[in-house]
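These notes concern the structure reproduced below.
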Amino acid sequence: MSKTRDYKYVPLPKSFYEVTPVQLARKLIGTLLIRIIDNKPLVARIVEVEAYGGRDDPASHAYRGMTGRNKVMFNSGGCSYVYFTYGMHYCFNVVAGKGKQAGAVLIRAAEPLEGIDQMKKHRNKEKLHDLLSGPAKLCQAFLIDKSLNGITLDKPPLLITKESIRKSAPEIITTPRIGIKAGLNKKWRFIDAESTFLSARRSPDI
DNA sequence: TGTGTGATAGTCT
DNA sequence: GACTATCACACAT
């Protein structure tokens with residue numbers, strides 16, 4: 001079956017990513033993450049992200065300068081940063097900024113739209129809310145691993161586009177980031193207020 | 001229904 | 001050699 005989907009793979013321009021991580025995080029809410037596997041798309045709508053800065057952000061991998069692992073964060077915006085954590089999980093970030101400023105946006109959760117059966121298979125779970133409700137889950141469902149580290153997000157196998165049909169801009173809430181110890185004073189986590197596909201267990205206090 | 005704890009391996013000092 | 005992050009499961013209420 002080679003039926004063409006309605007999703008047009010119009011990548012976001014590079015200038016979209018050449019902003020600060022905080023600005024990019026807000027813009028990414030509601031965009032579509034598309035992963036092409038065997039010519040079949042997995043599509044999800046991004047509903048939860050976190051911004052990470054550079055040397056000025058103690059929660060960021062780039063806080064202590066460039067290392068072998070985080071050097072992708074120092075690229076200009078529009079490419080991926082995939083890192084391995086907990087000895088068993090991957091996390092997917094979108095690199096922000098231009099020139100040498102380090103920064104990235106961690107994709108924490110998304111809403112499954114297309115290829116749901118494939119995602120269930122990859123995750124070995126049936127419930128929709130268990131598929132993409134966490135950074136490591138999202139990578140497992142989308143088959144994102146280190147081989148995708150550093151690639152640009154403007155073409156297959158991994159890209160980000162705008163949602164074609166949108167009634168109105170999503171209401172966006174900001175909260176402190178999750179799973180870190182430093183930098184808790186910054187409210188750099190951005191979520192779609194209407195979404196039920198978030199990674200946080202409790203509804204956030206505003 | 002909600003909370004607590006154990007498991008894991010790559011990266012940096 | 002120490003640290004780091006998340007998921008999944010078990011348990012108690």
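Below, chains carry the letters A, B, ... as their sequence lines are ordered, and counting in each starts from 1.
- Using a 4.0 Å heavy-atom criterion, one finds that A:R177 contacts no nucleic acid atom at all.
- For the pair A:F84 CZ and C:dC3 C1', the interatomic distance rounds to 15 Å; values are reported in whole Å.
- Between the OH atom of A:Y52 and the C1' atom of C:dA5 there is a distance of 10 Å, rounded to whole Å.
- Ion pairing of A:R45 with A:D192 is present here, as a side-chain N (NZ or NE/NH1/NH2) and a carboxylate O approach within less than 4.0 Å.
- Atom-to-atom, OH of A:Y81 to C1' of B:dG10 comes out at 11 Å; the value is rounded to the nearest Å.
- Electrostatic pairing of A:R177 and A:D57 counts as a salt bridge here, judged by a charged N lying under 4.0 Å from a carboxylate O.
- Listed nucleotides C:dC7, C:dT6, B:dA7 differ in distance to A:M88; the shortest reach to its side chain belongs to B:dA7.
- Listed pair A:K125 / C:dC9 meets the phosphate criterion, a side-chain N or O lying under 4.0 Å from OP1 or OP2.
- The separation between A:Y83 atom OH and B:dT11 atom P is 13 Å, rounded to whole Å.
- When each of C:dT6, C:dA8, B:dG10 is scored by its nearest atom to the side-chain atoms of A:K137, the top-ranked nucleotide is C:dA8.
- Contact check, A:R108 against C:dT6: a side-chain N or O comes under 4.0 Å of OP1 or OP2.
- Other residues, nucleotides and ligands place no more than 12 heavy atoms under 6.0 Å from the OH atom of A:Y63.
- Taking the side chain of A:R123 as heavy atoms from C-beta on, and the options B:dG10, C:dC7, C:dA8, the nearest nucleotide is C:dA8.
- Rounded to whole angstrom, the span from the OH atom of A:Y63 across to the C1' atom of C:dA5 amounts to 18 Å.
- More than 12 heavy atoms of other shown residues, nucleotides or ligands fall within 6.0 angstrom of atom CG in A:N185.
- Between the P atom of B:dT11 and the CZ atom of A:R69 lies a distance of 7 Å, rounded to the nearest Å.
- For the pair A:Q140 CD and C:dA8 C1', the interatomic distance rounds to 11 Å; values are reported in whole Å.
- Note: NZ (A:K127) to P (C:dA8) measures 11 Å, nearest angstrom.
- Each of A:T85 and A:T67 was assigned the nucleotide of DNA chain B with the nearest heavy atom; the assignment lying further toward the 5' end belongs to A:T85.
- Regarding contacts with the backbone of C:dC3, every side-chain N or O of A:R64 stays at 4.0 angstrom or more from both OP1 and OP2.
- Shortest non-hydrogen contact noted between A:F142 and A:I37 is O-CD1, 4.1 Å.
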